[in-house]
Amino acid sequence: MAVTLPKETIVKQVKLNVQNLEKMTEFYTQMIGLVLLKKELKTAFLGAQDSSEAIVVLEELVDPVVKDKTTGLYHTAFLLPSRKDLGNSLVWLLQNNSEIGAADHGYSEAIYLADPEGNGIEIYRDKPMTEWDIRKDGEIIGVTEELDGDAVVAAADGKWLGMAPGSRIGHVHLQVADLEETETFYEKLGFSLKSNFGRRAKFFAAGEYHHHIGTNTWNGEHVALIGENQLGLAWYKFQLPSKEAFQLFNKQLDETSVEYVTVNEQVIIQDPNGMQIKFGY
């Protein structure tokens, strides 16, 4: 039985391979509200307001591969600190005539949209844990119901100044080839299955969170794996709470025979769906 990851584990960063860096940077700063922290050649580093830490990295590829129906990113989910912040984002997107969807998931309220290159985005706020439907076995029940958009808008203060300070990536949702193989892999890493929609979707988390990783086969089962130089997800990174936790994680990888390499105090792993995961502290 794999040791579970510390509850303080978070999604730290997502890197996307893009076709048009200028257009994508403009979208993520102007519409999503991230701040351009620095730009190096064909790479942009973006963070939340009042933060010096990049949570999104965009790299422009030369002659990229464009493919549909492969494994890869379903959406990057940005977690906002409050309902007020979600309301401000919703009002901003509506004012700019953005094409959006929305849902109440029981444990969260969420807005959905896509960037100019088709990468999915979720912007959400968590409800208090006292409102979550947590079962005795640890399962956290998620639903998809209509968002009370009027109430969310009413919580706004009309002062949207970008992605609110304290915002971060709450989870990543991935399109995978095989859910059972994916479940076995993430459990070896120390994540727990939190919600199971059978053969279509599974959600995993460290600690008692509803999910740090969503997985689905809505794009089809046993689809081709994402390839090198392909547009979309390059990698996603988790942050462990301490060096000690990082060392324990390395030991666990050895004990569960998960292949990895260590580069600059980071573990790099290839998942069974062709995607790269990094762990640091």
Side-chain angles (χ1 to χ4, degrees), residues 10-14 16 27-28 31-34 46 48-49 55-56 72-116 118-134 139-157 160 162-176 194-197 200-219 233 236:
I10 61 170
V11 184
K12 184 65 176 178
Q13 205 172 59
V14 167
L16 301 177
F27 174 83
Y28 277 95
M31 297 307 302
I32 303 302
L34 297 176
L46 308 169
Q49 302 290 325
I55 57 175
V56 173
L73 184 69
Y74 186 68
H75 63 235
T76 302
F78 297 98
L79 174 61
L80 306 186
S82 70
R83 198 184 205 192
K84 177 194 75 176
D85 298 318
L86 184 65
N88 285 337
S89 290
L90 178 55
V91 170
W92 174 253
L93 292 169
L94 291 172
Q95 288 174 340
N96 284 274
N97 299 313
S98 298
E99 186 175 331
I100 61 173
D104 184 319
H105 292 302
Y107 45 67
S108 68
E109 294 179 312
I111 306 166
Y112 295 95
L113 66 159
D115 71 23
N119 298 292
I121 295 169
E122 176 181 345
I123 302 172
Y124 75 110
R125 72 103 184 179
D126 281 331
K127 297 180 183 180
M129 283 190 71
T130 52
E131 297 181 24
W132 298 6
D133 185 356
I134 305 174
E139 182 181 6
I140 301 176
I141 304 299
V143 297
T144 299
E145 298 176 347
E146 184 177 351
L147 179 72
D148 188 345
D150 291 340
V152 172
V153 168
D157 64 5
W160 190 86
M163 186 163 285
S167 300
R168 58 182 175 84
I169 297 175
H171 66 268
V172 290
H173 194 146
L174 309 171
Q175 297 181 132
V176 303
K194 294 296 181 180
S195 190
N196 185 2
F197 289 88
R200 301 318 305 267
K202 294 177 184 287
F203 298 85
F204 306 91
E208 299 175 346
Y209 197 53
H210 50 75
H211 67 293
H212 291 108
I213 305 163
T215 62
N216 72 66
T217 54
W218 299 331
N219 210 18
L233 183 67
Y236 56 104

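In this structure, the ring-ring contact (aromatic ring centres under 6.0 Å, His included) partners of His171, at least two apart in sequence or on a different chain, are His75, Tyr124, His211. The ring-ring contact (aromatic ring centres under 6.0 Å, His included) test applied to Phe27 returns no partner, not counting sequence neighbours. Judged as a side-chain contact (heavy atoms from CB on, under 4.5 Å), and not counting sequence neighbours, the contacts of Ile100 are Leu90, Leu93, Leu94, Ser98, Ile111, Leu113. With sequence neighbours left out, the ring-ring contact (aromatic ring centres under 6.0 Å, His included) criterion links Phe78 to no other residue.
Residue pairs meeting the side chain to side chain donor-acceptor pair (under 3.5 Å) criterion with at least one member in residues 144-157, sequence neighbours excluded, are Asn88-Asp157. For residues 85-107, the salt bridge (charged side-chain N to carboxylate O under 4.0 Å, His left out) pairs, not counting sequence neighbours, are Asp104-Lys127.
Contact between His210 and Ile140 at its shortest, heavy atoms only, is CA-CD1, 3.6 Å. The shortest non-hydrogen separation linking Lys194 to Glu208 is NZ-CA, 4.0 Å. When all heavy atoms of Pro165 and Pro81 are compared, the closest pair comes out as O-CG, 3.4 Å. Residues Ala110 and Glu122 approach most closely at CB-OE2, 3.4 Å, considering heavy atoms. Closest non-hydrogen pair, Glu109 versus Leu86, comes out as O-CD2, 3.5 Å. Contact between Ala201 and Trp218 at its shortest, heavy atoms only, is CB-CZ2, 3.9 Å.
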**Item:** Test side chain to side chain contact (heavy atoms under 4.5 Å, CB included) applied to Ser167 and Leu80, step by step
**Value:** CA-CA 5 Å; Ser167 300; Leu80 306 186; 3.3 Å; yes
**Check against side chain to side chain contact (heavy atoms under 4.5 Å, CB included), Leu174 and Ile213** = CA-CA 7 Å; Leu174 309 171; Ile213 305 163; 4.1 Å; yes
**Asked** Checking side chain to side chain contact (heavy atoms under 4.5 Å, CB included) for the pair Ile121/Tyr28: CA distance, chi angles, key distance, verdict?
**Response** CA-CA 10 Å; Ile121 295 169; Tyr28 277 95; 3.6 Å; yes
**Item:** side chain to side chain contact (heavy atoms under 4.5 Å, CB included) between Gln13 and Ile169, intermediate numbers included
**Value:** CA-CA 7 Å; Gln13 205 172 59; Ile169 297 175; 5.5 Å; no
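The closest donor-acceptor contact from the side chain of Thr215 to the backbone of Lys202 lies under 3.5 Å. Side chain of Asn96 to main chain of Trp92: a donor-acceptor pair is present (N/O by atom type, distance under 3.5 Å, no hydrogens or angles). A distance-only check finds a donor-acceptor pair linking the side chain of Arg200 to the backbone of Thr217 [under 3.5 Å].
Between Arg125 atom CZ and Tyr107 atom OH the span is 13.5 Å, to the nearest 0.5 Å. Summarising the geometry, atom CD1 belonging to Ile10 is positioned 8.0 Å from atom NE2 belonging to His212; distances are rounded to the nearest 0.5 Å. Taking CD of Glu131 as the reference point, atom CG of Asp133 lies at 12.0 Å (rounded to 0.5 Å). Taking CD1 from Ile32 and CG from Leu46, the interatomic distance works out to 11.0 Å, rounded to the nearest 0.5 Å. For the atom pair CG (Leu34) and CD1 (Ile55), the distance works out to 5.0 Å, reported to the nearest 0.5 Å.
The distance between the ring centers of Trp132 and His105 does not fall below 6.0 angstrom.
No hydrogens or angles considered: a donor-acceptor pair under 3.5 Å links the side chains of Asp126 and Tyr209.
A heavy-atom distance below 4.5 Å is not found between the side chains of Leu233 and Asn119. Put simply, the side chain of Met129 reaches to within 4.5 Å of the side chain of Ile134, judged on heavy atoms.
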